[in-house]
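As the structure lists them, so they are numbered: ligands from 1, and atoms in each ligand from 1.
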Amino acid sequence: MSEVAAVVMPAPGRALETRRFASPKAKPGGAVLETIASEVCGTDVHLHHGRLSGVPFPIIPGHVNCGRVLETGGPLADVEGHPILAGTIVTFFDVFGTCGSCWQCLVAKSATRCPHRRVYGITTSAVEGLLGGWSELIEILPGVRMLPLPEGIQPEDFMGGGCGLPTGFHAVERGGIALGDTVVVQGSGPVGLNAAIFAQLAGALDVYVVGAPKARLEAARRLGAADVLDIAQVPDPANRVRWVCERTGGRGADVVFEASGNPAAVAEGLEMLRDAGRYVVVGQYTDAGDIAINPHRHINRRHATILGCWGYEFTHLHRALQLMARHNTRFRWRELITREYALKDAGQALEDMERLAVVKALIRP
Ligand SMILES: [Zn+2]
Ligand SMILES: [Zn+2]
């Protein structure tokens, strides 16, 4: 291939364009992947609306991807020390540039808040190269960590999880679920559904999912939710809180995950939490505004623990992938893929994602 086609998001609100780029060569310590699939997720919709700051438009979207190694710049190995050769099917940790030497990295030990951290398809410009998955080829920069798909895992399995897989995993790790806990997940998108899966693997007794639309709630049921609540059918938040209380002995859930993206869900979710419960906010990826909460009732008297959860680290992607390999017959991640799109139909994919017509959409270059 001397030329490569890639979809470019030129600026917020502007139509996507297919552009041609020179075929990249692997840098020493880097690689070039032939893209098998890239995801379309809520983040891409936010990007297109200009709701994320510091995005160096024009960009090639697609931060979670699967590809076949075309060439490597010298010998490369995965984190276990196994060689990564041409032909290996891999995904990669989309975050790079985390410095390991700033205050956030060293003192706070919060690498996902490192100011030098960069993400494929989000904070990488198309001017810098093929650093997003909506492209026939993806350039793996030196230092970017590739993960070969474990045995038995096909690209469709992994992509069905998408970025919700490590994000949901991280949220559940933050939530510190105890064996036998009852869990509520607010939001039935990929993050919420993956949180529901990992909550079960972490030992939750019952997981309840509150969300919409119907297709996503049906997916939640297939993935083991004890019951689901359609917010379109029950528009009054007080009734939704009552629904949770009826299923938790009137006490509320031990752990509640907010994965909805709606700020109002936070006050509602705190009402669904039992005394001394844990509340994890993972869905507020963009600034969607302020809400009123009652510090006395929601936090202090409730003796609540409230946790934020920003991004994910390599460890979350790695461990989530191993768990997927073990539990792929119980939880059919690949069934979350509603539709696949060719590169030229990326605009349609974005539109379908925006109106929640799909659970997970894939770009197939
Ligand atoms: Zn740092
Ligand atoms: Zn994503």
> Taking just the N, O or S atoms of H63, which one is nearest to the Zn ion (ligand 2)?
Replying inline: NE2
> Do you know which N/O/S atom name in E39 is closest to the Zn ion (ligand 2)?
Replying inline: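 Minimum-distance N/O/S atom of E39 relative to the Zn ion (ligand 2) is OE2.
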>> Angle at the Zn ion (ligand 2), SG of C163 to SG of C41, rounded to 10 degrees, please.
In response: 120°
>> Counting backbone and side-chain atoms alike, is an N, O or S atom of H116 positioned under 2.8 Å from the Zn ion (ligand 1)?
In response: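 Short answer: no, not a single N, O or S atom is under the cut-off.
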> Is it true that Y279 and F257 have ring centroids separated by less than 6.0 Å?
Replying inline: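 No: the rings miss the under 6.0 Å criterion.
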> Just by distance, do the side chain of R68 and the backbone of I36 share a donor-acceptor pair under 3.5 Å?
Replying inline: no
> Judged by atom type as modelled, is there a donor-acceptor pair below 3.5 Å linking the side chain of R274 to the main-chain atoms of V255?
Replying inline: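 A pair under 3.5 Å: no.
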> Which atoms form the tightest heavy-atom contact between A31 and A26, and what is the distance?
Replying inline: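 It is CA-CB, 3.8 Å.
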> Could D227 and R247 be called an ion pair, given the rule that one side-chain N must be under 4.0 Å from one carboxylate O?
Replying inline: yes
>> Using the Zn ion (ligand 1) as the vertex, how large is the angle between SG of C105 and SG of C102, rounded to 10 degrees?
In response: 110°
